[in-house]
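A quick write-up on the structure given underneath.
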Amino acid sequence: MQSLPAPRLVATDLDGTALRTDGTVSPRTVSAFGRVEESGAVLVFVTGRPPRWMGGVAGAVRHRGLAICANGALIYDLHTEQIVESHLITVDVLQEVVDQLRANVSELVFSVEYEAGFAHESQFLLGGLDRGALTARVDSVTARPCAKLLALHPGMDADELQTTVEGLVGHLVTATHSSRRGLIEMSAQGVTKATALAALAGQHEIKPSEVIAFGDMPNDLPMLSWAGTSYAVANAHPDVLAAVDHVTAANDDDGVAQVIERLYG
């Protein structure tokens, strides 16, 4: 039986998917990514991370590939470490979204991700790579356009909060989450990992059927639905596990690398 051709484009989420829980890229995964590019296929990292969090990843993968950052809002060239495309939330929309959410959900606090930089309200509890980093506290998160607006609630879980946010401002922004805490990430209306990936694939004349995608959290669902072949890692969110074509090993067991090795052996 003749084997199917390897995908022309490999798209993978980073945190919780291709990266290990400690945030590192394993040597096995680095080697697997090298196989993709050596084959002539396109390698794309599709992440909720902002570009300012990509330096370590870029170095670990030897500056291979492109990155779709901030859930599709920013396209980042890992070779040059430059943003090459932006889709921002306008000031008017930001103001309306924040006003609506404050009026209807008590205890929400906000932060904003810019093309270069990050700002947060004083009560916003920093997490992950922002702990200990130089960040700007601001009185207003609506002063200028941003790539991503984040809303944090101290008591609600992420699934519940996303449903609430979508009901209130889903006509203004695209809301999703990639965290185990009550943190919602909002992009400009219609901007997702899938829209950015589809545009990039189109530039290379690559069809969805020629794309394989990997993910673990709800912000990956649009991309996984769009790609011709979709994989979740075993540690993925239940909604992601239910939506994909296949499940591979967990991120800490190099699940993404295992699939790539079979495809590009």
Side-chain angles (χ1 to χ4, degrees), residues 2-19 25 28-49 54 57-58 61 63-79 84-85 87 174 176 178 187 190-234 236-237 239-249 251 254-265:
Q2 187 175 10
S3 61
L4 295 174
R8 294 182 60 202
L9 188 153
V10 174
T12 183
D13 174 55
L14 291 174
D15 294 283
T17 302
L19 303 188
V25 190
R28 182 176 182 179
T29 297
V30 170
S31 177
F33 288 156
R35 290 191 190 194
V36 175
E37 288 210 321
E38 287 159 11
S39 76
V42 179
L43 174 64
V44 187
F45 301 112
V46 191
T47 178
R49 283 188 176 214
M54 294 300 293
V57 174
V61 300
H63 296 268
R64 294 188 179 104
L66 282 170
I68 293 170
C69 292
N71 295 327
L74 303 172
I75 311 301
Y76 186 67
D77 188 332
L78 293 177
H79 298 277
V84 296
E85 189 176 332
H87 303 277
T174 297
T176 189
S178 61
S187 303
V191 172
T192 67
K193 289 187 174 188
T195 58
L197 185 60
L200 181 60
Q203 293 169 15
H204 292 271
E205 298 184 344
I206 295 174
K207 303 172 185 176
S209 60
E210 299 173 304
V211 176
I212 185 170
F214 300 86
D216 76 310
M217 289 297 283
N219 64 328
D220 297 315
L221 286 169
M223 170 181 73
L224 295 169
S225 297
W226 176 84
T229 303
S230 58
Y231 272 85
V233 285
H237 187 284
D239 290 351
V240 176
L241 291 169
V244 295
D245 303 317
H246 309 281
V247 177
T248 185
N251 63 321
D254 298 315
V256 173
Q258 289 184 34
V259 177
I260 290 174
E261 288 164 357
R262 293 197 298 268
L263 293 170
Y264 300 92

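Position 1 is the first residue of the sequence, and the numbers go up from there.
The shortest non-hydrogen separation linking Val233 to Gly16 is CG2-O, 3.3 Å. Across Thr174 and Gly190, no two heavy atoms sit closer than the pair OG1-N, 2.8 Å. Nearest heavy atom pair, residue Ala18 against residue Thr12, reads CB-OG1, 3.7 Å. In plain terms, the two heavy atoms of Val36 and Leu43 that are nearest each other are CG1-CB, 4.1 Å. Residue Ala236 comes nearest to Leu241 through the heavy atom pair O-CD1, 3.5 Å, listed as atom of the first residue, atom of the second, then distance.
Evaluation of the side chain to side chain donor-acceptor pair (under 3.5 Å) test over residues 204-214, restricted to residues two or more places apart or in two chains, returns Arg8-Glu210. Applying the salt bridge (charged side-chain N to carboxylate O under 4.0 Å, His left out) definition to pairs two or more places apart or across chains, none involves residues 224-233.
Every residue two or more places apart in sequence or in another chain that forms a side-chain contact (heavy atoms from CB on, under 4.5 Å) with Ile75 is listed here: Ile68, Val84, Glu85, Ala196. Residues passing the side-chain contact (heavy atoms from CB on, under 4.5 Å) test with Asn251, sequence neighbours excluded: Thr21, Asn235. By the side-chain contact (heavy atoms from CB on, under 4.5 Å) test, Arg262 is found to be paired with Tyr231, Gln258, Val259, residues two or more places apart in sequence or in another chain being considered. Take His237 and apply the ring-ring contact (aromatic ring centres under 6.0 Å, His included) test, not counting sequence neighbours, and it matches His177. Among residues two or more places apart in sequence or in another chain, the side-chain hydrogen bond (donor to acceptor under 3.5 Å, both in side chains) test is passed with Thr176 by none. Residues meeting the side-chain hydrogen bond (donor to acceptor under 3.5 Å, both in side chains) test with Asp239, sequence neighbours left out: none. Partners of Thr248 under the side-chain hydrogen bond (donor to acceptor under 3.5 Å, both in side chains) rule, at least two apart in sequence or in another chain, do not exist in this structure. Qualifying side-chain contact (heavy atoms from CB on, under 4.5 Å) partners for Leu66, counting only residues two or more places apart in sequence or in other chains: Asp77, Leu200.
Looking only at side-chain heavy atoms (C-beta outward), Asp254 and Thr29 come within less than 4.5 Å of each other. Arg35 places none of its side-chain heavy atoms less than 4.5 Å from the side chain of Leu263. Looking at Val46 and Asp13, their side chains never come closer than 4.5 Å, going by heavy atoms from C-beta outward.
A distance-only check finds no donor-acceptor pair linking the side chain of Thr47 to the backbone of Cys69 [under 3.5 Å]. A donor-acceptor pair is defined here as one N or O able to donate and one able to accept, closer than 3.5 Å; such a pair exists between the side chain of Thr195 and the backbone of Thr192. Distance alone, capped at 3.5 Å, is enough to place a donor-acceptor pair between the Tyr264 side chain and the Pro7 backbone. Using a distance-only test at 3.5 Å, with no hydrogens or angles considered, no donor-acceptor pair links the side chain of Ser230 to the main chain of Ala213.
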Between side-chain atoms of residues 216-228 and protein atoms elsewhere (two or more places apart, or another chain), which donor-acceptor pairs fall under 3.5 Å?
from, atom 1, to, atom 2, distance (Å)
Asp216, OD1, Thr17, OG1, 3.0
Asn219, ND2, Asn71, OD1, 2.9
Asp220, OD1, Lys193, NZ, 2.5
Asp220, OD2, Asp216, N, 2.8
Asp220, OD2, Met217, N, 3.0
Ser225, OG, Leu221, O, 3.0

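A distance of 10.5 Å separates CD1 of Ile260 from CZ of Arg28, quoted to the nearest 0.5 Å.
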